[in-house]
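One structure below.
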Amino acid sequence: MVCIRPAVVADLLQMQRCNLMCLPENYQLKYYFYHALSWPQLLYVAEDYDGTIVGYVLAKIEEEASETHGHITSLAVARSHRKLGLATKLMTAAHAGMEDTFAAHYASLHVRASNRGALHLYMDTLGYDLCDREAQYYADGEDAFDMRKPLAGFKNVKRGKGKAETLPIGALGEPMPRTSSDTVLSAEAGKSVTA
């Protein structure tokens, strides 16, 4: 049995080991410490019955942007534990931390353009939208897709390239009424229109 729980400092070496076994992008241990000290509410691990860390999510908050938003730095699940829903559960926990603790408007991430499994998870399972393609983002020269997901308290009113504008969602899940001065970005034309 695997449980999803908040990460603690004692987990960082096993998180790094999981990263080294699963992903081509690797981080020094001090990077994990930095995340653990700065955003402890956004680090989660999947722990197997024997105490082994078989997955993790490493996330942070971007507060210097025009809107506070979360960013998924790294997500990994050991090959032996894939297709069990662990990545979805780890991501859901990170999203909840972003919203509940930091009132983040949306979550963002980068994913390799060739990683079809991750694209399926992010788009089809978790509801992320493709926002941009960043050429030669990774050290080996591969492109990355910039993806975003509005968090439950906000609705994305623009999809596609560029900055996502969000509006709060009302109590019944409907967008809050806009005033005549609100600007909505049209997904079809990519142009601003006044509502």
Side-chain angles (χ1 to χ4, degrees), residues 2 4 7 11-36 38-39 42-46 52-62 64-65 67 69-99 104-151 156 158-164 166 187 190:
V2 176
I4 305 298
D11 297 324
L12 298 182
L13 282 172
Q14 284 197 66
M15 290 170 67
Q16 185 183 40
R17 181 195 55 79
C18 188
N19 171 270
L20 292 168
M21 299 299 290
C22 298
L23 300 174
E25 295 78 40
N26 306 126
Y27 307 104
Q28 293 182 15
L29 189 58
K30 67 182 177 181
Y31 194 63
Y32 293 92
F33 275 110
Y34 172 67
H35 275 69
S38 301
W39 306 283
L42 303 181
L43 276 69
Y44 289 88
V45 293
T52 303
I53 301 302
V54 295
Y56 73 88
V57 63
L58 190 67
K60 64 183 180 177
I61 292 293
E62 299 284 356
E64 296 174 11
E67 293 177 314
H69 69 277
H71 183 77
I72 303 296
T73 303
S74 182
L75 171 70
V77 175
R79 291 191 187 281
S80 59
H81 287 74
R82 292 188 184 167
K83 303 292 185 190
L84 300 175
L86 298 179
T88 300
K89 290 175 183 171
L90 288 163
M91 291 288 286
T92 301
H95 292 153
M98 290 173 186
E99 250 185 301
H105 291 225
Y106 64 92
S108 67
L109 58 81
H110 289 95
V111 62
R112 286 179 173 270
S114 65
N115 191 340
R116 295 194 188 283
L119 287 167
H120 171 76
L121 169 71
Y122 298 138
M123 294 173 74
D124 299 335
T125 304
L126 295 171
Y128 275 78
D129 297 312
L130 210 54
C131 288
D132 200 2
R133 184 179 190 125
E134 296 188 26
Q136 299 181 336
Y137 179 83
Y138 291 101
D140 63 3
E142 185 172 352
D143 292 358
F145 288 126
D146 175 7
M147 304 187 81
R148 295 182 183 180
K149 171 193 172 75
L151 297 175
N156 192 342
K158 179 189 183 267
R159 301 201 192 300
K161 189 173 182 175
K163 181 182 166 207
T166 58

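The structure displayed is predicted, hence computed values, not measured ones. Any value given below was found using the heavy atoms of this structure, including those in side chains, with hydrogens, waters and symmetry copies removed.
For Ala96, the side-chain contact (heavy atoms from CB on, under 4.5 Å) partners two or more places apart in sequence, or in a different chain, are Asp100. Residues that satisfy the side chain to side chain donor-acceptor pair (under 3.5 Å) test with Asp11, not counting sequence neighbours, are Arg5. In this structure, the side-chain contact (heavy atoms from CB on, under 4.5 Å) partners of Gln16, at least two apart in sequence or on a different chain, are Leu13, Leu20, Leu29, Tyr32. Under the rule for a salt bridge (Lys or Arg N to Asp or Glu O under 4.0 Å), Arg82 has no partner lying at least two apart in sequence or in another chain. For Ser80, the side chain to side chain donor-acceptor pair (under 3.5 Å) test picks out no residue, with sequence neighbours left out. The side chain to side chain donor-acceptor pair (under 3.5 Å) search around Asp143 returns Arg133, not counting sequence neighbours. Partners of Thr88 under the side-chain contact (heavy atoms from CB on, under 4.5 Å) rule, at least two apart in sequence or in another chain, are Thr92, Leu121, Thr125, Leu126. Shown here are the side-chain contact (heavy atoms from CB on, under 4.5 Å) partners of Lys60, two or more places apart in sequence or in another chain: Tyr31, His35, Trp39, Glu62, His71, Thr73.
Distance check, rounded to the nearest 0.5 Å: CD1 of Ile4 to CE of Met91 gives 12.5 Å. Here the CG atom belonging to Leu109 is positioned 11.0 Å from the OG atom belonging to Ser74, to the nearest 0.5 angstrom. Atom-to-atom distance recorded for Leu130:CG and Arg148:CZ is 11.0 Å, nearest 0.5 angstrom. Rounding to the nearest 0.5 Å gives a distance of 8.0 Å between CE of Met147 and SG of Cys131.
Pairs passing the salt bridge (Lys or Arg N to Asp or Glu O under 4.0 Å) check and including a residue from residues 20-30, sequence neighbours excluded, read Glu25-Arg112. The ring-ring contact (aromatic ring centres under 6.0 Å, His included) analysis of residues 120-144, with sequence neighbours excluded, yields the pairs His95-Tyr128, His110-Tyr137, Tyr122-Tyr128.
A heavy-atom distance below 4.5 Å is not found between the side chains of Val2 and Lys89. Asn19 has its side chain within reach of Tyr56: a pair of non-hydrogen atoms, C-beta onward, lies under 4.5 Å apart. Side-chain atoms of Lys149 and Ile72, non-hydrogen and from C-beta on, never get closer than 4.5 Å to each other.
Taking each heavy atom of Leu75 and Ala87 in turn, the nearest pair found is CD2-CB, 4.0 Å. The nearest pair of heavy atoms linking Leu151 to Ala107 is CG-N, 4.1 Å. Closest approach of Ala118 and Val111 over heavy atoms only: CB-CG2, 3.6 Å. Minimum interatomic distance between Ala59 and Ala94 (heavy atoms only, all atoms of both residues): CB-CB, 4.5 Å. Nearest heavy atom pair, residue Val45 against residue Leu90, reads C-CD2, 3.7 Å. In terms of heavy atoms, Leu12 sits closest to Ala36 at CD1-CB, 4.2 Å.
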>> With side chain to side chain contact (heavy atoms under 4.5 Å, CB included) as the criterion, how do Asn115 and Glu142 come out once you've worked through the C-alpha distance, each side chain's angles and the decisive distance to 0.1 Å?
In response: CA-CA 11 Å; Asn115 191 340; Glu142 185 172 352; over 6 Å; no
